[in-house]
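I have placed the structure first, in the form of structure tokens, so that the comments after it can refer back to it.
All ligand and atom numbering here is 1-based and tracks the order in the structure. Keep in mind it's a predicted model, so treat the numbers as computed, not measured.
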Amino acid sequence: MDGTHICIIGLMSDLSSKSDSAVLYADDHYPEFLEDLKTLARIPSVSFPGFDPKEVVRSAEAVAALCKARGLENVEILTLPGAHPYVYADWLHAPGKPTLLLYAHHDVQPAGREELWKSPPFEPTERDGRLFGRGCADDKAGAVAHTSAIASWLKTHGSLPVNVKLIIEGEEECGSDNLEPFLRKYAAKVMADVIVLTDTGNFDHETPSITVALRGIVALDVTVRSMDHPLHSGMWGGAVADPVLALAKMISSVVDAKGRMAIPGIYKDVKKPAKAAEASLKVLKYTEKTFREQSGLFKGTKLLVAPKDLLRSNWYWPTFSVNAIQASSKKDCANIINDSAWAHMGIRVVPGMNPKKVLADLKKHLLKNAPWA
Ligand SMILES: [Zn+2]
């Protein structure tokens with residue numbers, strides 16, 4: 001282990017002056033790299049069901065073309081039945097040096113409510129020094145950060161200091177359902193010593209940061225039914241169990257009056273943040289004001305944790321949220337008792353928690369609190 005350690009230090013000191021010139025190149029060519037990002041962000045590569053999968057294919061092709069243009073080799077679009085395409089590329093001319101696997105994804109979330117966009121979601125637009133458009137940050141910027149860094153090194157030094165493999169996924173936003181079979185099929189191709197993901201953010205504009213962990217998630221769909229068709233509320237309301245009310249009661253049973261999860265034992269296995277994590281929590285100045293500005297939380301909405309625990313709760317505590325809820329619709333709203341109600345909900349899990357157990361406990365709790373059954 002000692003030998004490896006010294007070798008890495010040697011590599012680092014040699015790298016610092018070289019990376020300085022690569023950084024200068026990157027600064028000089030910033031407008032060009034920004035164009036790369038805009039080109040990718042113009043493609044509406046929404047990977048969700050119901051959106052045109054051909055756009056995700058088009059996006060994979062654009063990413064592959066970018067990889068080629070920026071000096072990567074063996075560029076390939078990798079497919080798997082039923083999966084959106086992945087892009088693979090590499091540069092493997094540093095014998096004896098470690099191999100770095102760089103990850104990003106080229107698919108995006110749906111644009112959401114059009115009226116909330118100040119400029120069209122798929123026409124990247126600069127305002128106040130920032131670029132706005134769906135996927136500009138998450139995660140087409142990730143792909144472009146990789147290709148720009150590689151191009152800057154190759155243009156400056158003609159080679160990279162390590163071997164590099166790049167994998168740009170096409171279905172991260174819809175749950176990476178095929179990631180496991182993908183890794184099984186292409187294990188040899190993606191094998192590496194270290195993996196770096198750019199599907200993360202910086203702490204703020206002035207503080208570059210490395211994300212070392214993200215909270216996980218367990219999620220489920222819940223449907224409550226009480227009859228085989230909707231009924232008129234004036235004719236039937238009273239004796240009939242309303243599935244919307246039942247679902248609302250089930251959901252509200254998951255949290256207490258303070259917004260903390262009320263599932264028995266749910267916090268039992270949660271690990272305390274490590275000492276180093278506590279130390280960085282202390283160093284980072286993060287105020288309630290910044291939190292409110294960044295989240296857009298209204299003045300009259302109370303925080304559910306003490307201001308000193310804002311980062312701790314966002315990073316190290318589990319939480320419950322309801323992502324979607326449906327029973328009839330605004331458009332079809334009528335004086336009815338709905339026959340069914342549906343919601344998608346989940347718990348963000350943190351180190352120490354067993355996701356399978358958390359999901360089972362959530363299910364059990366919901367069923368126990370289902371009224372009128
Ligand atoms: Zn992402």
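- Not one N/O/S atom of Asp139, from backbone or side chain, sits under 2.8 Å from the Zn ion (ligand 1).
- Side-chain contact between Pro85 and Val56 is present, with heavy atoms from C-beta onward closer than 4.5 Å.
- The aromatic rings of His93 and Trp91 lie perpendicular to each other, with more than 60° between the two planes, well past the 30° mark.
- When rounded to 10 degrees, the angle formed at the Zn ion (ligand 1) by NE2 (His105) and OD1 (Asp138) equals 90°.
- Not a single N/O/S atom of Glu173, whether from backbone or side chain, sits less than 2.8 Å from the Zn ion (ligand 1).
- No side-chain heavy atom of Ser321 sits under 4.5 Å from any side-chain heavy atom of Met345.
- Salt-bridge annotation for Arg58 and Glu55: present, with a side-chain N of the basic residue lying under 4.0 Å from a carboxylate O of the acidic one.
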